[in-house]
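Just so you know, these numbers come straight off a predicted model, no measurement behind them. A, B, ... follow the sequence lines: proteins, then strands. Residue 1 opens every chain.
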There are 4 protein chains.
Amino acid sequence: MVGSVNKVILVGNLGKDPEVRNAQNGSKIVTFTLATSESWNDKASGERKEKTEWHRIVIFNDRIADVAERFLTKGRKVYIEGSLQTRKWTDQSGQDKYTTEIVIDRFRGELTLLDSGNRDGDQNSPRGQQDTGAARSATSGGWEPAAGDLDDEIPF
Amino acid sequence: MVGSVNKVILVGNLGKDPEVRNAQNGSKIVTFTLATSESWNDKASGERKEKTEWHRIVIFNDRIADVAERFLTKGRKVYIEGSLQTRKWTDQSGQDKYTTEIVIDRFRGELTLLDSGNRDGDQNSPRGQQDTGAARSATSGGWEPAAGDLDDEIPF
Amino acid sequence: MVGSVNKVILVGNLGKDPEVRNAQNGSKIVTFTLATSESWNDKASGERKEKTEWHRIVIFNDRIADVAERFLTKGRKVYIEGSLQTRKWTDQSGQDKYTTEIVIDRFRGELTLLDSGNRDGDQNSPRGQQDTGAARSATSGGWEPAAGDLDDEIPF
Amino acid sequence: MVGSVNKVILVGNLGKDPEVRNAQNGSKIVTFTLATSESWNDKASGERKEKTEWHRIVIFNDRIADVAERFLTKGRKVYIEGSLQTRKWTDQSGQDKYTTEIVIDRFRGELTLLDSGNRDGDQNSPRGQQDTGAARSATSGGWEPAAGDLDDEIPF
DNA sequence: TTTT
DNA sequence: TTTT
């Protein structure tokens, strides 16, 4: 094939805190679900309709997995760029199942935080850190904390 | 939610000719699968690896469905822009299944032809037409044949 | 040409409130500048560097111009999708000048609000309205206020 | 700023063969112009209209610059992903000028070939090579020749 | 300056 | 099931 493109761009909110697990080679894999929603006026009923779509995000890229683990929490708004991948698996009853995921891997993908993550009464940040709200962005090519070294800046 | 984005951008080749069916309201629905592939050198084995991903495209937009039906054939390369949607259905054994599709609907999505569709020995175009190779592009907002009216230009 | 693609995707913050002017045909044109910025650690100096890029956005699409006029104010974060266009003009000294803009027109483009627009002490919203913070999004194909009719929802 | 996005996606044709120059640090910089065009039926006159937009592409990324230098020639169709950047410069008469470019740098950007580059009678490929037509794609994170090592595959 |  |  003389070149193809497989790109997904999402802006949405995390449904839950991310899950972090370790691959056999020692690197981290971070997964979470992201909600996007649209709303419209239904012509027939005249009612306001809303539909939410849930996307499963999987991060294999070490640097972006690191940012995701440190900063992403339930409800945060993020920009995600990745590739579509449909994976086959077998459930406990032996049935074939297929799951489509948005993958950020070594070469392709981005994650950019779009809100500060500070909410009144938000006590359940992982490890109790306070997000400094500084600009944070990560690409598969490199990553860019907004100010200072990440390790200097974040108190954990 | 203060706005979200759900966008897929693909450049790939059709696996087969599209399927066309009619919705209950009389409008057309066009579906096809699109292949994107990537290749890389496997560090461990030193071998060349290739992986193809198949995407299911569903077009509800009338104008784009029309373009797709007329011009898309097996093997053609297209640019597709749509939204991710995961649909639940039940198979004949009563099992729940989920299918993720790239949807072009009334408001969002584009389809742009990226090759002329003329190949040596390509005798199996639908309805035997010869693609004129003119520029063709369609968006959910409007569509743009390259020259003349579509109905004037295409002999069927 | 067998199809081409000209697409810009930006997430950034407005530098000022938008400017609204009327075209000869009576429709509105809304313009504003959007800042995107990136930061990185300079290897040579060891310093933290930041660079801001300013983009000129021009909205010809009536519905999106309407949303922009009503809701966009200095500092708000938005997702913008449009096309690149370079325009030639002549300055007062007769010099040729070129300006590249991101255009949202009748057929292509989107605008999605990414923050609520409510800030402490933000007294300078146009016409003194309080943004309800509801989801608002507009595409060249149609637009989607988050709840209720726009005219019902917004008190001006 | 809590993260921003600055992304351009183009599919178009090269106006000329690329220009290659060397930066002070010894790395290559490849530049070319890319045409995208759109066409539509003018309601008023009833005529077919077409408008071409020219984009200036600048590649600082070494691997992608390498691919561009080897494979890109006048007329070839490519997918380009990069960032917008407006650069100020002074012309010979001392006038300030601004040029907006689509930049592929170390961290961000992609280039994917969308046609084989082989045309009947196309004798003017640089250095007289014959493009093998193999899949070629490059990202700022890594690059993927379709088969074999690039240096093995290309006879120059 | 490209492409159809 | 595509493409190279």
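- Applying the 5.5 angstrom centroid cut-off and the 30 degree plane-angle cut-off, the aromatic ring of D:Trp54 is stacked upon the base of E:dT1.
- Regarding D:Arg56, its CZ atom lies at a distance of 13 Å from the C1' atom of E:dT1, rounded to whole Å.
- Computed from coordinates, the D:Glu38 CD to E:dT3 C1' distance equals 14 Å when rounded to whole Å.
- We find that D:Asp115 and D:Arg76 are joined by a salt bridge, their nearest charged nitrogen and carboxylate oxygen being less than 4.0 Å apart.
- Between the side chain of D:Asn13 and the backbone N or O of D:Gly75, at least one donor-acceptor pair lies under 3.5 Å.
- At whole-Å resolution of the value, NZ in D:Lys77 and P in E:dT2 are 14 Å apart.
- Between D:Arg76 atom CZ and E:dT3 atom P the separation is 13 Å, expressed in whole Å.
- Residues A:Lys7 and D:Glu110 are paired through a salt bridge, judged by an N-O separation under 4.0 Å between the basic side chain and the carboxylate.
- Side chain of B:Ala35, nearest nucleotide from E:dT2, F:dT1, F:dT2: F:dT2.
- For D:Lys51 and E:dT3, the NZ to C1' distance is 17 Å, given to the nearest whole Å.
- One finds the CD1 atom of C:Ile57 at 5.5 Å from the CG atom of C:Leu10 (value rounded to the nearest 0.5 Å).
- When the C1' atom of E:dT2 is taken as reference, atom CD of D:Glu19 falls 15 Å away, rounded to whole Å.
- Side-chain proximity of B:Thr33 to E:dT3, F:dT1, F:dT2: nearest is F:dT1.
- As rounded to whole Å, 14 Å separates atom C1' of F:dT1 from atom CD of B:Glu53.
- Distances were taken from every side-chain heavy atom of B:Lys16 (C-beta onward) to each of F:dT1, E:dT1, F:dT2; the shortest belongs to F:dT1.
- Atom P of nucleotide F:dT2 and atom CG of D:Leu114 are separated by 20 Å, given to the nearest angstrom.
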